Structure formats: structure tokens, C-alpha cells
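What you see is a predicted model; the values in this text were computed from it and never measured. Throughout, protein chains are lettered first and strands after them, A, B, ... in sequence-line order, and every chain is numbered starting at 1.
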Number of protein chains: 2
Amino acid sequence: MADAGSHAKRPDNSFTLTEEGMRQTQELLFFAYRDFTGEADALLADFGFGRAHHRVIYFVGRHPGMAVSELLGILKITKQSLSRVLSQLINDGFILQRSDAADRRRRHLYLTAKGVDLERRLTERQSQLIAGAYQDAGAEAAQGFRAVLRAIINEQDRARVAPREAVE
Amino acid sequence: MADAGSHAKRPDNSFTLTEEGMRQTQELLFFAYRDFTGEADALLADFGFGRAHHRVIYFVGRHPGMAVSELLGILKITKQSLSRVLSQLINDGFILQRSDAADRRRRHLYLTAKGVDLERRLTERQSQLIAGAYQDAGAEAAQGFRAVLRAIINEQDRARVAPREAVE
DNA sequence: AATTTTAAGTCAGCCTTATTGACATATATG
DNA sequence: CATATATGTCAATAAGGCTGACTTAAAATT
């Protein structure tokens with residue numbers, strides 16, 4: 001309650017934005033993200049991979065043919081950091097490179113069949129967790145969930161993920 | 001509406017749960033969590049601290065007097081891992097320990113004034129990011145956001161965070 | 001009273017993922 | 001031809017996890 005006296009308690013945006021509420025949200029995010037990534041971690045470990053590998057597989061799968069520089073731009077890590085995981089993924093046959101026909105300095109990245117398969121298995125687990133949460137929380141909550149996530153993200157990346165809510 | 005032909009294809013929960021939608025959510029979570037944690041990272045770096053320190057400060061601040069074993073249970077890391085950051089925080093005067101009067105093996109953890117101040121500053125930044133996102137997305141979306149986060153979290157931790165939505 | 005269990009902490013070594021800095025190579029471009 | 005760009009590599013460093021092996025102090029059990 002915490003509202004002294006006045007009749008029309010809170011007008012419309014009745015989420016209180018208390019310090020307590022904010023802290024709680026931060027805590028929820030911490031636990032939720034840990035459980036979310038935990039889903040895939042176990043499977044990755046079977047291949048001797050970590051989260052870094054997952055991210056590479058994920059984004060290459062989502063943007064087939066992307067250049068190394070583009071991947072660096074999305075992941076926001078150094079090329080030395082990327083190099084290690086990317087080399088592993090290429091050596092182990094999950095990703096392949098092809099030089100650009102026009103500009104042969106650029107190398108396009110693709111998932112191999114093996115890579116596609118792993119990507120699918122990783123995504124599947126996490127999808128199930130989220131789908132379950134959507135079921136529990138309801139369609140409206142799911143919509144709100146995505147809207148808030150999108151609002152948290154900086155504009156540049158926001159545009160990259162989804163060109164809008166793409167309603168309907 | 002993307003609903004082909006048949007009359008009552010999907011009953012009520014008309015969110016499509018497409019593979020694409022799931023992938024998008026995963027991507028949103030990745031970017032959002034990165035931006036969320038990035039807020040605090042800069043400030044932490046000023047003290048030579050990292051995210052691990054933040055988590056300790058956060059949970060001790062939220063549960064003053066908690067024992068080391070309880071903290072380990074929440075963070076789900078080994079005591080050797082915790083030891084490193086906890087020792088630093090104690091040596092640098094952000095956290096203090098006090099032995100339990102009854103069971104003197106147990107040591108209770110508290111934030112010092114310095115610790116409280118840092119915690120507040122860290123939380124403030126992240127609160128602002130989330131509050132802004134709530135403003136953008138609306139009160140209803142904010143509610144849905146928390147509901148989905150809660151549903152993602154395993155039951156044990158879910159109970160720990162918030163004993164329910166604690167409406168009003 | 002002696003033994004075992006528990007809470008906390010330490011030492012040593014290893015792994016992953018990130019960093020910076022310095023270079024190397026091939027290819028475009030001016 | 002000179003310079004800039006895209007990619008890759010070598011080397012060193014750091015944070016933050018991990019396992020395993022102990023220690024110390026205090027409580028609990030037998």
C-alpha cells in the first residue's frame with residue numbers, strides 16, 4: 001500500500017518502481033539468465049565447448065555467410081578471442097569458411113550440417129525452457145517480456161535483433 | 001493473422017511459439033543481459049572489481065547477516081572461488097564478518113557503510129536502465145516481464161527471490 | 001571423553017574466456 | 001607503388017570459474 005491518504009491511489013502506470021521492486025527485477029534477471037544458459041552448457045560440455053562457442057554457432061546459424069568482421073561487431077570481443085573458438089569450430093567441422101568472390105580478403109562463415117545439428121539441439125533446449133515459461137506466464141506476459149527486453153537493449157543491437165515486434 | 005484456413009486453430013494462447021520467435025527471444029536475452037550487466041561493469045572496474053564482487057555485494061546487501069554457506073548456496077560456486085572475491089571485499093572494507101554468538105563456527109556477513117554505498121550506486125545504474133525500459137514498454141509489459149522471468153527460474157531459486165508477485 | 005561432522009578457510013594447479021600489443025599475409029584501393 | 005583493410009597469429013596477462021587436498025575451530029554424537 002504505502003500510499004498515504006489520497007483517494008486515487010496511483011493513476012495509470014501503477015507499477016510502483018520502488019527500490020525494492022527494482023532490486024527484485026535485477027535478482028530475477030540474474031537467476032533467469034543463469035538457468036537459461038545452464039540449459040545449453042551441459043550439452044556444450046559434451047563437445048568440449050563453452051558459451052563462447054555457442055554464441056558463434058548461434059550467430060553464424062542466424063546469419064549464414066556473415067563475415068568475420070561482422071561477427072566481431074556483434075559479439076563485441078577482440079579478434080584474438082574469437083580466433084580461438086572459431087578455429088576450434090572450423091577444425092572440428094562445425095563451421096566452414098568461404099572467401100568472397102569479389103573481395104577475396106573477406107571470408108564468409110557457414111554452419112556445416114554438423115553445425116546446424118548442434119545449433120538446433122542447443123536452441124531446442126533453451127526454446128523449451130522459454131516456451132514453458134510462456135505457457136506458465138501467459139501470452140500477454142510473453143509479449144511484455146519481449147517488449148521490455150527490447151527496451152533494455154541499446155538501439156544499435158535492438159535494430160539488429162528484430163526489425164520491430166513484427167506483430168502478427 | 002498467419003492462421004491458415006481452419007477455424008479454431010489455436011485456442012487462446014495465440015502466441016505462435018515459432019522457432020523464429022524462440023530464437024529471437026534468445027537473442028534478445030543475450031543482448032539485454034549484456035547491456036544490463038555492462039551498466040555496472042564500468043563502475044566496478046574503478047575499484048578493481050568484477051561481476052563476481054558485484055554479486056557478493058548484492059546478495060549480502062539484500063540478506064544482511066547471511067552466513068558464508070548461505071551465500072555459497074545462492075551463488076552456486078565453490079568456496080575456493082568465493083574466497084578470492086570475499087577476501088578482497090573484506091580486506092578493502094566493503095564487507096565485514098561477525099561470528100555467530102550461539103554457533104561460533106558460523107560467520108555472518110554484512111556490508112560496511114562503504115559497501116552499502118557501492119551497492120547503492122551499482123543498483124542505481126541498473127535500476128535506471130530497467131526503469132527506462134519499463135517506461136518505454138509500459139506497466140503491463142513490465143508485469144509480464146517479471147512473470148516470465150520468474151517462470152524461467154527453477155523453483156528453488158524462485159521461492160528465494162520473491163515469495164510471490166507480492167502485489168500491492 | 002573421544003570421535004565425527006560441520007563451517008570456514010587455504011594452498012596449489014588447471015581451464016575458459018576475455019584482454020593488450022606486436023606482427024604477418026593477402027588483397028583492395030587510391 | 002603505397003596505403004588501407006580483412007583476417008589470422010604469437011605472446012603475455014587477468015578474471016573467475018573448477019578440482020583436490022588439507023587445516024582449524026567448534027558443535028554434535030556416540
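- The separation between B/Arg51 atom CZ and C/dA18 atom P is 10 Å, rounded to whole Å.
- Residue B/Ser81 has a polar side-chain atom (N or O) positioned under 4.0 Å from OP1 or OP2 of D/dC18.
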Per-nucleotide protein contact along nucleotides 6-13 of chain C, 5' to 3', at a 4.0 Å heavy-atom cut-off (B base, S sugar-phosphate only, - neither), is BSBBBB--
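- Computed from coordinates, the A/Asp100 CG to D/dT7 C1' distance equals 13 Å when rounded to whole Å.
- Between A/Leu82 atom CG and D/dT9 atom P there is a gap of 11 Å when expressed in whole angstrom units.
- Note on ring orientation: taking the six-membered ring where Trp is involved, the planes of A/Tyr134 and A/Phe145 are perpendicular (angle over 60°, cut-offs 30° and 60°).
- Among A/Arg107, A/His108, A/Arg105, the one residue that satisfies the side-chain hydrogen bond (donor to acceptor under 3.5 Å, both in side chains) test with A/Asp100 is A/His108.
- Going from atom CG of B/Leu118 over to atom CZ of B/Phe47 covers 5.0 Å, rounded to the nearest 0.5 Å.
- Look at B/Glu27 and B/Arg23 and you find no salt bridge, because none of the NZ, NE, NH1 or NH2 atoms lies under 4.0 Å from a carboxylate O.
- Residue-level contact check: A/Ala45 touches neither bases nor backbone, having no heavy atom under 4.0 Å from any strand.
- Residue A/Ile77 contributes atom CD1, which lies 13 Å from atom P of D/dG8 at whole-angstrom precision.
- Here D/dG16 presents its P atom at 10 Å from CZ of B/Phe49, a figure rounded to the nearest Å.
- The NZ atom of B/Lys76 sits 12 Å away from the P atom of D/dC18 (whole-angstrom rounding).
- Taking the six-membered ring where the residue is Trp, B/Tyr33 and B/Phe36 present tilted rings, their angle falling between 30° and 60°.
- Neither OP1 nor OP2 of C/dA18 sits under 4.0 Å from any side-chain N or O of A/Thr78.
- Computed from coordinates, the A/Arg34 CZ to D/dG16 C1' distance equals 15 Å when rounded to whole Å.
- Expressed to the nearest 0.5 Å, how far CZ of B/Arg150 lies from OG1 of A/Thr25 amounts to 8.5 Å.
- Within a heavy-atom distance below 4.0 Å of DNA chain D, no residue of residues 55-66 of chain A is found.
- Applying the side-chain hydrogen bond (donor to acceptor under 3.5 Å, both in side chains) definition to pairs two or more places apart or across chains, those involving residues 35-54 of chain A are A/Asp35-B/Asn154, A/Thr37-A/Arg51, A/Asp41-A/Arg51, A/His53-A/Gln88.
- B/Val56 and B/Leu96 fall into different hydrophobic clusters, where Ile, Leu, Val, Met, Phe, Trp and Tyr are joined by side-chain heavy atoms under 4.5 Å apart, directly or via other members.
- For A/Asp41 and C/dT16, the CG to C1' distance is 12 Å, given to the nearest whole Å.
- We find the CG-CG distance between B/Leu86 and B/Asn91 to be 9.5 Å, quoted to the nearest 0.5 Å.
- Between B/His53 and D/dG16 there is a side-chain N or O to OP1 or OP2 distance below 4.0 Å.
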